[in-house]
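So the structure is just underneath, and the comments pick up after that.
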Amino acid sequence: MPSQEGIIEHFRRAAQTGLPVIAYKVSSRTGVRLSANAAAAILALDGVLGMKDSSGGTELFSALTRLRVSKPILCGEDASFLAMLHLGAAGGLLASANLRTETILETYRQFRDGKTVQAENSFHSLAPLIERLFRESNPAPLKWLLSHQGTLASETLRLPLMPISGELGQQLVKEL
């Protein structure tokens, strides 16, 4: 497992390429828990524009707020989007936005404009979709939907990910 220093160095070198970097915190995929101090060090790097927090909670965001990190933090967990906006997240990079872009934008705009009840209603309308998108390993359900909409040429996944179950496919048809 890489050390916190090794992870920081990884992002330092990525930032040195001259390409803009958005750091991505997703412990469920990497198996590594990034500390708030390491995340703050990464966000302090020139060339790192912000961070997508897919940690599944609000703890990292709250810690970065206490550390007075000034770069934008984006929510990467669909179900946490509204909660993260309430805490001050700059926005989100969300799987459900690939399918319901306008509803995500509407939620964000309503929240930004102080229309929190409308934002909550818009966001809660996405709850069934979000639940289905993450019932089985992501991105399989999303790729299945995008493929069946004709947006992607194939729903093919790389191992160890597997195609979605027939049962979930029947439920996802409702989203088409």
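Please read these numbers as outputs of a predicted model, since none were measured by experiment.
With rounding to the nearest 0.5 Å, the separation of CG in Leu142 from CG in Leu94 is 11.0 Å. Interatomic distance, CZ of Arg132 versus CD1 of Ile130, reported as 11.5 Å (0.5 Å rounding). For the atom pair CD (Glu175) and CG (Leu133), the distance works out to 7.0 Å, reported to the nearest 0.5 Å. The OG1 atom of Thr107 sits 9.5 Å away from the CG atom of Asn121 when rounded to the nearest 0.5 Å.
For the pair Gln4 (side chain) and Arg33 (backbone), a donor-acceptor distance under 3.5 Å is present. A donor-acceptor distance shorter than 3.5 angstrom exists from the side chain of Ser3 to the backbone of Gly6, with no hydrogens or angles considered. Of the possible donor and acceptor atoms, one in the side chain of Asn98 sits under 3.5 Å from a partner among the backbone N and O of Ala95. Between the Ser147 side chain and the Trp144 main chain, no donor and acceptor come within less than 3.5 Å of each other. A donor-acceptor distance shorter than 3.5 angstrom exists from the side chain of Asp53 to the backbone of Ser55, with no hydrogens or angles considered. Checking side-chain atoms of Asp78 against main-chain N and O of Ser96 turns up a donor-acceptor pair under 3.5 Å.
Taking hydrophobic clusters as Ile, Leu, Val, Met, Phe, Trp and Tyr residues chained together by side-chain heavy-atom distances below 4.5 Å, Leu93 does not share a cluster with Ile104. If you chain together hydrophobic residues whose side chains sit under 4.5 Å apart, Leu172 and Leu176 fall into the same group. Under the 4.5 Å side-chain heavy-atom criterion for grouping Ile, Leu, Val, Met, Phe, Trp and Tyr, Val117 is not connected to Tyr108 through any hydrophobic cluster. Leu19 and Tyr24 are members of different hydrophobic clusters when ILVMFWY side chains are connected at heavy-atom separations under 4.5 Å. Both Leu129 and Leu146 are part of a single hydrophobic cluster, where members link through side-chain heavy atoms under 4.5 Å apart.
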Checklist entry - Taking it one step at a time, do Thr65 and Leu87 satisfy side-chain contact (heavy atoms from CB on, under 4.5 Å)? => result CA-CA 9 Å; Thr65 300; Leu87 291 173; over 6 Å; no
Checklist entry - Can you list the steps and then say if Cys75 with Leu85 is a side-chain contact (heavy atoms from CB on, under 4.5 Å)? => result CA-CA 8 Å; Cys75 178; Leu85 289 178; over 6 Å; no
Checklist entry - Run the side-chain contact (heavy atoms from CB on, under 4.5 Å) check on Val21 and Leu49 step by step: do they pass? => result CA-CA 6 Å; Val21 173; Leu49 304 181; over 6 Å; no
Next on the checklist: Determine whether Thr151 and Leu99 satisfy the following criterion, side-chain contact (heavy atoms from CB on, under 4.5 Å), listing intermediate values before the conclusion.
Outcome noted: CA-CA 10 Å; Thr151 306; Leu99 299 160; over 6 Å; no
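Checking Glu77 against Ser54 by side-chain atom types alone, no donor-acceptor pair falls below 3.5 Å. The closest side-chain donor-acceptor pair between Asn37 and Ser35, if any, does not fall under 3.5 angstrom.
Around the CZ atom of Arg112, the shell of radius 6.0 Å holds more than 12 heavy atoms that belong to other residues, nucleotides or ligands.
In this pair, Phe81 and Phe123 present their aromatic rings tilted. The plane angle is within the 30 to 60° band.
Between Ser80 and Thr58, every side-chain heavy-atom pair lies at or beyond the 4.5 Å cut-off. Side-chain contact check for Leu43 versus Ile73: some heavy-atom pair is nearer than 4.5 Å. In this structure, Leu34 and Ile42 have side chains that are in contact, with non-hydrogen atoms separated by less than 4.5 Å. Glu136 has its side chain within reach of Ser165: a pair of non-hydrogen atoms, C-beta onward, lies under 4.5 Å apart. Looking only at side-chain heavy atoms (C-beta outward), His86 and Phe111 come within less than 4.5 Å of each other. Side-chain contact between Met51 and Leu74: absent, with no pair of heavy atoms (C-beta onward) separated by less than 4.5 Å.
Between Glu9 and Arg12 there is a salt bridge, since at least one side-chain N of the basic residue sits less than 4.0 Å from a carboxylate O of the acidic one.
Nearest heavy atom pair, residue Asp46 against residue Ala15, reads O-CB, 3.3 Å.
Shown are Arg100, Glu106, Glu102, Arg109; of these, the side chain to side chain donor-acceptor pair (under 3.5 Å) with Ser122 is made only by Glu106.
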